[in-house]
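Whatever order the structure lists ligands and atoms in, that order sets their numbers, starting from 1. Residue indices begin at 1 and follow the sequence shown. The analysis underlying the following values was restricted to heavy atoms, covering all of them including side chains, and did not include hydrogens, waters or symmetry mates.
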Amino acid sequence: MGALSTAATFGTAVPTASALTELTPAQRRYGLLPQPDLAWTPEIERATAHLYDKVRDVIPAVEWPFFAPYVHAINRLKKERNAVILAHNYQTPEIFHCVADVVGDSLQLAKLAADVDADVIVQCGVHFMAETSKLLSPNKTVLIPDSRAGCSLASSITGADVRLLKQRYPGVPVVTYVNSSADVKAETDICCTSSNAVQVVESLGVDRVIFLPDEYLGKYVAAQTSVKLILWKGHCEVHERFTAEELRAYRDADPSIEIIAHPECPPEVLAEADFTGSTAHMIDWVKSRRPAKVLMVTECSMASNVQAEVPDVNFIKPCNLCPHMKRITLPKILSSLVNMSEEVIIDPAIAERARLPIERMINLKA
Ligand code: 13P
Ligand code: SF4
């Protein structure tokens, strides 16, 4: 009855009794709220002017009236809900620069999720990132604006696959990239991200590990350590599309161009790069080196996010977008906060085991 009267007070469609029984725990706890008014008004223009200043180099003025009412409504509702928005570096600039409280690569987001002081986390990224936040903040409500935001690496392997591998290689520790489901993490000894994979592999002090599920990240790590890696054939559908030939063509067209790449790319692509690193390491590289012209061999929104901060750098964008990351939009973030959906819920028995390898990774000394 509480949720019914809350909904009526705020003027939303009153849910039927059967709809009420389908509410998630978060929706039951918070009640339903109305969609805030989304008109472009002089007040909204004034209230969001400081945010438009951050993105004016990457969002045309003619588009801002469509974004600004959402930005304003999200930022207001965020305070009412005591929520924080965590956004991965691949989110689009209006999310990354205008509504996110915390931005970063997978490692930074995982570390911050553990410490964040809020009741609610809205994860603007893909599902495995939201699961990681939930594992590290089990008492917080973790929302993902579209739970269909998956990842080709995470869906390349299941917990049952890992159990079979462990039977085949008894006693060999399992290192799993965070781009994986909670089910897979539950079978894992320690997680890694693209920022710390070599350090994690070497931290185990063994001569052989099972490294899952990214074959190309595994090959990149194997080239830098004497530890032997048993690999899985998972690939990122965004990074595997880049080719060495395409990069050579860019360099032939302009030999002054700097090429930096994410280690999820195939080895022959990385061989063409001047620098390889996680998304955060790539951003740091551009901000500190300020190359005249750079090609970031990774998801394309990241170049726009960095360009907004370093307008003096010329970004060449071979626009490979991650279709999963792009499922997260301002209207869905607002709807997520209004309706407290979609809530990330992990089976407690899996969560208990999946949390340990992430914590082991986070607790590794730098
Ligand atoms: P980072 O950890 O480098 O941000 O990578 C995450 C990811 O999904 C890259 O495709
Ligand atoms: Fe997964 Fe690739 Fe998308 Fe990253 S860019 S979330 S690895 S599909």
Checking a contact table here: which protein heavy atom is nearest atom 10 (O) of ligand 1, and how many Å away? E264 OE1, 2.8 Å

Closest protein heavy atom (residue, atom, distance) for atom 5 (O) of ligand 1: H262 NE2, 3.3 Å

Could you tell me, atom by atom, which parts of ligand 1 come under 4.0 Å of a heavy atom of D105? 1 (P), 2 (O), 4 (O)

Please determine, by modelled atom types, if S278 and H262 share a side-chain donor-acceptor pair under 3.5 angstrom. no

Using a 4.0 Å cutoff against the non-hydrogen atoms of S278, which atoms of ligand 1 qualify? 3 (O)

Do K326 and Q91 meet the criterion of a side-chain donor-acceptor pair at a distance under 3.5 Å? no

N196 versus L364: any side-chain heavy-atom pair under 4.5 Å? no

Walk me through whether D254 and K293 qualify under salt bridge (charged side-chain N to carboxylate O under 4.0 Å, His left out). CA-CA 9 Å; D254 182 352; K293 200 180 262 191; 2.6 Å; yes

A student comparing I283, T279, L217, L107 should find that the heavy atom closest to atom 1 (P) of ligand 1 comes from T279

among protein heavy atoms, the one nearest atom 6 (C) of ligand 1 is S106 OG, 3.3 Å

Answer yes if the side chains of T298 and Y90 hold a donor-acceptor pair under 3.5 Å, and no otherwise. yes

Quick check: closest heavy atoms across P267 and Y216, and the distance to 0.1 Å? CD-CD2, 3.6 Å

Check the side chains of E264 and Y177 for a donor-acceptor pair under 3.5 angstrom, ignoring hydrogens and angles. yes

E299 to ligand 1, any heavy atom closer than 4.0 Å: no

I want to verify a count. Protein N, O or S atoms less than 2.8 Å away from atom 1 (Fe) of ligand 2, how many are there? 1

Looking only at heavy atoms of S194, does any of them come nearer than 4.0 Å to an atom of ligand 1? yes

Would you please determine whether H281 falls within less than 4.0 Å of ligand 1 on a heavy-atom basis? no

Exam field: side chain K140 to backbone I121, donor-acceptor pair closer than 3.5 Å: no

Going through the distances and angles, do K54 and E309 end up as a salt bridge (charged side-chain N to carboxylate O under 4.0 Å, His left out)? CA-CA 8 Å; K54 291 189 184 182; E309 293 185 61; over 6 Å; no

Rounding to 0.5 Å, atoms CE (M129) and SG (C151) come to a distance of 7.5 Å

N179 contact mode with ligand 1 (heavy-atom cut-off under 4.0 Å): side chain

Decide whether E94 and T92 meet the rule of one side-chain donor and one side-chain acceptor closer than 3.5 Å. yes

